[in-house]
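Hydrogens, waters and symmetry mates are skipped; everything else that's a heavy atom, side chains included, is used.
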Amino acid sequence: MSEQPLNPSPAGTPDDAAAGTAPAAPGPSAPGPTGSTAADALPLPAEPAPDAASDAASDALSDEDAAARRAASFERARRLRQEPRFPGGPAADPAGSHHERRIRSFQPRRSRVTTGQQESLERLWPQWGLDIDGKRVLDLAELFGGLPVVLEIGFGMGEATAQMAADDPGTGILAVDVHTPGQGNLLGLAEKAGSTNVRVANGDAVILLREMLAPESLDGLRVYFPDPWPKARHHKRRLIQPDFLDLVAPVLRPGAIVHCATDWEPYAEQMLEVLTAHPRFENTAADGGYAPRPAFRPLTRFEGQGLDKGHVVHDLLFARV
């Protein structure tokens, strides 16, 4: 069999091959594109089909990279939240490792801190401040030098707390709040008054009650003008609830007083109902209603503003039984 040319002329046809005749000698061909060669006439290799496995792997790597970037961003934000605003001062998230999904009665606020408040925080926090981290049980006798101790939850800017501490130096006040300017302000007011019976606690009071206080270690609880959460869908955020009182009762000594005050009438009614229904507390008011404002509770600036607007302030005093 004769050897076939690599690039047979287009003049050869299948009929010629079938008849056994040799193809005609190639004549002059029409000029091709400039620079064309014999190789140009060879069929081009087909483009490889897309590799589905490679595409899937690439997509997976992209997803993993995006997830890694999100995780790194979240971690950076978490570290920033945990870093104290002032060296040696209150932690931004003291119980971060105890994070839990539950409804809270407060919303941390990072308002502007004045120069004086910052100076008080940096200088006095190591001596009179503590973070509620949920990692230890407080020795209140050591912390307050053996004084009876009352817990105050939510002290705002601290004016009333500082005055009560100055008026009654024989009682220790463990004051809890998450408002950094108020923490610094209270420390400064206590120092100015020469009061050494105040300790400022930073963080969630529920964690303090549940994990950091020994049974029957408190002589009282004060909750003055807590957030009333007036919208119906937010009532579940109110602090004075049955489960909150369940935490409070064990850490109070028998006879210890729970003292609440509010200028929000519907909240006052709820407080009275919840406290009256709890078996571990007894109303000190003879008629089972509200009590007159005790002399030891000062009239606060916030309360004065409410009274000017026609608000009625209700005090409730219940004894732990």
Side-chain angles (χ1 to χ4, degrees), residues 77-96 104-134 143 150-167 172-208 212 221-230 234 237-239 260-264 297-309:
R78 186 188 66 82
R79 285 199 302 269
L80 285 174
R81 287 196 302 270
Q82 291 181 337
E83 290 177 359
R85 297 178 71 183
F86 311 105
D93 186 16
R104 285 173 166 75
S105 63
F106 63 91
Q107 195 76 9
R109 310 186 308 279
R110 281 206 162 191
S111 306
R112 186 181 69 87
V113 176
T114 67
T115 302
Q117 293 162 359
Q118 177 177 344
E119 191 273 338
S120 295
L121 285 167
E122 292 176 346
R123 188 168 49 83
L124 298 173
W125 186 263
Q127 179 183 0
W128 290 345
L130 62 96
D131 284 318
I132 300 174
D133 55 14
L143 199 60
V150 298
L151 173 65
E152 182 178 0
I153 299 178
F155 54 79
M157 293 305 293
E159 296 100 333
T161 306
Q163 184 174 336
M164 289 186 290
D167 292 343
I173 301 177
L174 179 57
V176 180
D177 210 307
V178 293
H179 189 220
T180 311
Q183 294 168 347
N185 201 58
L186 175 54
L187 289 171
L189 291 173
E191 183 187 43
K192 184 177 180 180
S195 301
T196 60
N197 56 329
V198 177
R199 300 293 181 270
V200 179
N202 168 54
D204 189 342
V206 168
I207 293 177
L208 175 71
M212 297 181 66
L221 170 67
R222 297 169 181 171
V223 183
Y224 299 153
F225 305 98
D227 193 327
W229 295 100
H234 291 156
R237 297 184 178 275
R238 290 176 172 174
L239 181 63
C260 301
T262 181
D263 66 338
W264 193 259
R297 183 177 75 76
L299 186 69
T300 66
R301 176 170 52 87
F302 175 83
E303 182 178 0
Q305 292 172 352
L307 293 173
D308 290 342
K309 296 176 183 177

Heavy-atom check, side chain of [X] versus side chain of [Y], under 4.5 Å:
X: V198; Y: L189; value: no
X: D263; Y: K309; value: no
X: V200; Y: L124; value: no

Euclidean distance, [Y] [atom2] relative to [X] [atom1], rounded to 0.5 Å:
X: L186; Y: D177; atom1: CG; atom2: CG; answer: 9.5 Å
X: D133; Y: D204; atom1: CG; atom2: CG; answer: 12.0 Å
X: M212; Y: L174; atom1: CE; atom2: CG; answer: 9.0 Å
X: I132; Y: I207; atom1: CD1; atom2: CD1; answer: 7.5 Å
X: D308; Y: E303; atom1: CG; atom2: CD; answer: 10.5 Å

Point to revise | P126: side chain to side chain contact (heavy atoms under 4.5 Å, CB included) partners, not counting sequence neighbours | key: none
Review point. Considering residues at least two apart in sequence or located in another chain, which fulfil the side chain to side chain contact (heavy atoms under 4.5 Å, CB included) criterion with T196?
Key: W128
Exercise for review: Carefully, step by step, assess F225 and T300 under the rule side chain to side chain contact (heavy atoms under 4.5 Å, CB included).
Suggested key: CA-CA 10 Å; F225 305 98; T300 66; 4.2 Å; yes
Minimum heavy-atom separation for [X] to [Y], with atom names?
X: W264; Y: T262; result: N-OG1, 3.1 Å
X: V178; Y: G203; result: CG1-O, 3.4 Å
X: L121; Y: P90; result: CD2-CD, 3.8 Å

Revision key, fill the gap. Residues at least two apart in sequence or cross-chain that pass side-chain hydrogen bond (donor to acceptor under 3.5 Å, both in side chains) with N202, listed by chain then number, are D131, Q183
**Study point:** side-chain hydrogen bond (donor to acceptor under 3.5 Å, both in side chains) against R123, all qualifying residues, sequence neighbours excluded
**Key:** E119, E191
Just distance, no hydrogens or angles: give the donor-acceptor pairs under 3.5 Å from side chains in residues 153-167, sequence neighbours left out.
| from | atom 1 | to | atom 2 | distance (Å) |
| --- | --- | --- | --- | --- |
| T161 | OG1 | E152 | OE1 | 2.8 |
| T161 | OG1 | E152 | OE2 | 3.1 |

Practice item. If a pair satisfies salt bridge (Lys or Arg N to Asp or Glu O under 4.0 Å) and one of its residues is in residues 194-203, list it, with sequence neighbours excluded. Key: none
